[in-house]
Structure formats: structure tokens, C-alpha cells
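These notes are about the structure you will find just below.
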Amino acid sequence: QVQLVESGGGLVQAGDSLRLSCAASGRTFSNRAMGWFRQAPGKEREFVAAISRSGTSTYYTDSVKGRFTISRDNAKNTVYLEMNSLNPEDTAIYYCAARNTPSSSSSSYYTRAYQYDYWGQGTQVTVSS
């Protein structure tokens, strides 16, 4: 069983930055592709960013391209989401997700929620105008 624990959320003003972290339990973090999703009040959960298990491939939803950066540190079993130039539309609960990924797909990333095997509890990000 894998446990994912997000941290780093908070209340910020428009234009500010935040860095979210997601710490994973277990010794096989490097065998998993990772992703970040978010859910705003009254809306469905949406994809934000993904990174392959190798860390060589990343992908972003259009609304965060150029502002958010996903990265991973396999030595620390942690994936990060650096968020810059935040705006009120980024307000949501942010969730970390992990997918067991074979080595043959080490450069693959995944953008659909159903493709992930494990989820964290989420961390709230609120951006005031």
C-alpha cells in the first residue's frame, strides 16, 4: 500500500507563488509516474500536471503552462509542484496521485484520473484577488 501526503498549500494573494510537495511511502517511488490534479468548489477534479517515472517527461494542462513546474526527487520519495503567478482561478484542493508504471513505460505520463492507482488527501490552495 502506498500513502501520499501533500503539503505546502495555503492562502496567498494573486501573483504569489507556492510550492506543493507530495511525500510517498514505500521503497518503489521511482517505479511510479506521478501527477497533480485539482478540484475547485462545485467543479469536477481536473488534471494539472504529470511527470514520468523517469522524470524525463512532463505535461501540463494549458491553463498552467509557463506558470507551474512539476518535478520529482526519487531520493526523497517526493514530487513537487512549483506554482508561480497564481490567480484566483487556481483556487482548489490539490491532489497528488501515483501510478504503478513498468520500466518499459518509464517515459510515459498520464493525464486521466482513472489511470492512477493511489491518491493523497489533498491540500487546499486559496488565491485571493
Side-chain angles (χ1 to χ4, degrees):
Q1 187 70 11
V2 175
Q3 289 189 325
L4 303 174
V5 180
E6 302 97 333
S7 62
L11 172 63
V12 297
Q13 295 186 331
D16 285 350
S17 299
L18 277 176
R19 187 175 81 156
L20 304 183
S21 299
C22 172
S25 64
R27 296 178 291 178
T28 56
F29 177 76
S30 60
N31 292 345
R32 296 187 173 92
M34 303 296 294
W36 285 96
F37 290 75
R38 66 186 180 186
Q39 187 166 18
K43 295 187 177 181
E44 293 186 353
R45 189 171 299 191
E46 66 170 351
F47 167 77
V48 176
I51 189 166
S52 61
R53 66 173 257 177
S54 67
T56 58
S57 300
T58 58
Y59 189 78
Y60 303 88
T61 192
D62 285 347
S63 63
V64 308
K65 284 180 181 176
R67 300 189 298 123
F68 291 12
T69 302
I70 188 171
S71 62
R72 64 188 299 157
D73 185 339
N74 288 345
K76 295 183 178 180
N77 282 12
T78 302
V79 63
Y80 304 98
L81 186 67
E82 184 76 35
M83 306 186 295
N84 299 315
S85 302
L86 285 162
N87 58 62
E89 290 70 39
D90 296 316
T91 294
I93 299 174
Y94 283 71
Y95 298 91
C96 170
R99 172 190 167 94
N100 294 323
T101 307
S103 57
S104 58
S105 300
S106 62
S107 297
S108 300
Y109 52 79
Y110 303 89
T111 63
R112 303 297 178 93
Y114 72 84
Q115 294 175 306
Y116 287 86
D117 302 301
Y118 308 100
W119 291 84
Q121 293 299 307
T123 185
Q124 176 72 48
V125 173
T126 303
V127 185
S128 64
S129 58

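Index from 1, following the sequence.
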Fill in: Donor-acceptor under 3.5 Å (Ser25 side chain, Val2 main chain)
no
Practice prompt. Identify, with sequence neighbours excluded, every residue that meets ring-ring contact (aromatic ring centres under 6.0 Å, His included) alongside Phe29.
Written response: none
Discussion item. Keeping Thr28 on the side-chain end and Asn31 on the backbone end, is there a donor-acceptor pair under 3.5 Å?
Written reply: no
Discussion item. Starting from Leu11 and following side-chain heavy-atom contacts under 4.5 Å between hydrophobic residues (I, L, V, M, F, W, Y), which residues can be reached?
Written reply: none
Worksheet, complete the sentence: Residue pairs meeting salt bridge (charged side-chain N to carboxylate O under 4.0 Å, His left out), one or both in residues 43-60, sequence neighbours left out, come to Arg38-Glu46
Worksheet item: Are Ile51 and Thr56 close enough, and set up right, to give a side chain to side chain contact (heavy atoms under 4.5 Å, CB included), and what steps lead you there?
Response: CA-CA 8 Å; Ile51 189 166; Thr56 58; over 6 Å; no
Discussion item. Distance check, rounded to the nearest 0.5 Å: Tyr116 atom OH versus Cys96 atom SG?
Written reply: 9.0 Å
Discussion item. Show the nearest heavy-atom pair for residues Leu4 and Ala24, with the distance to one decimal.
Written reply: CD2-CB, 3.5 Å
Item to complete: Provide the closest heavy-atom pair for Asn84 versus Ser17 in the form atom of the first, atom of the second, distance.
Response: OD1-OG, 2.8 Å
Fill in: side-chain contact (heavy atoms from CB on, under 4.5 Å) partners of Thr69, counting only residues at least two apart
Tyr60, Glu82
Practice prompt. Tell me, please, which residues at least two apart from Arg27 pass side-chain contact (heavy atoms from CB on, under 4.5 Å).
Written response: none
Item to complete: Using modelled atom types only, decide if a donor and an acceptor are shared between the side chain of Asn77 and the backbone of Gly26 within a distance under 3.5 Å.
Response: yes
Worksheet item: Linking I/L/V/M/F/W/Y whenever their side-chain heavy atoms sit closer than 4.5 Å, directly or via other members, would Ile93 and Phe37 fall into one cluster?
Response: yes
Throw together a table of side-chain donor-acceptor distances under 3.5 angstrom for residues 101-114, partners on residues two or more places apart or in other chains.
{"residue": "Thr101", "atom": "OG1", "partner": "Ala33", "partner atom": "N", "Å": "3.3"}
{"residue": "Thr101", "atom": "OG1", "partner": "Arg99", "partner atom": "O", "Å": "2.9"}
{"residue": "Ser106", "atom": "OG", "partner": "Ser103", "partner atom": "O", "Å": "3.4"}

Practice prompt. Supply the atom-to-atom distance Leu18 CG to Leu86 CG, rounded to the nearest 0.5 angstrom.
Written response: 5.5 Å
Worksheet item: Quick one: salt bridge (charged side-chain N to carboxylate O under 4.0 Å, His left out) pairs with a partner in residues 6-19, sequence neighbours left out?
Response: none
Fill in: Residues forming a side-chain contact (heavy atoms from CB on, under 4.5 Å) with Thr61, sequence neighbours excluded
Phe47, Ser63, Val64
Worksheet item: Do any pairs count as a salt bridge (charged side-chain N to carboxylate O under 4.0 Å, His left out) and have a residue in residues 56-65, sequence neighbours left out, and if so which ones?
Response: Asp62-Lys65
Worksheet item: Any side-chain heavy-atom pair from Val79 and Leu81 closer than 4.5 angstrom?
Response: no
Response to the item:
Heavy-atom nearest pair, Tyr95 first then Gly120, reads CD2-O, 3.6 Å
Discussion item. If you count heavy atoms of other groups shown closer than 6.0 angstrom to OH of Tyr118, is the number above 12?
Written reply: yes
Practice prompt. With the side chain counted from C-beta on, respond yes when Phe68 and Trp36 share a heavy-atom pair under 4.5 Å apart, and no when they do not.
Written response: no
Worksheet entry | Exercise: identify the closest heavy-atom pair between Ile70 and Met34 | CD1-O, 4.3 Å
Fill in: Atom CD of Gln39: over 12 foreign heavy atoms under 6.0 Å
yes
Worksheet item: Can you list every pair that meets salt bridge (charged side-chain N to carboxylate O under 4.0 Å, His left out) and has a residue in residues 66-78, with sequence neighbours left out?
Response: Arg67-Asp90
Practice prompt. Quick one: which residue pairs count as a side chain to side chain donor-acceptor pair (under 3.5 Å) with a foot in residues 119-129, not counting sequence neighbours?
Written response: Gln124-Thr126
Discussion item. Who clusters with Val5? Use side-chain heavy atoms, under 4.5 angstrom, across I, L, V, M, F, W and Y, and order the result by chain and number.
Written reply: none
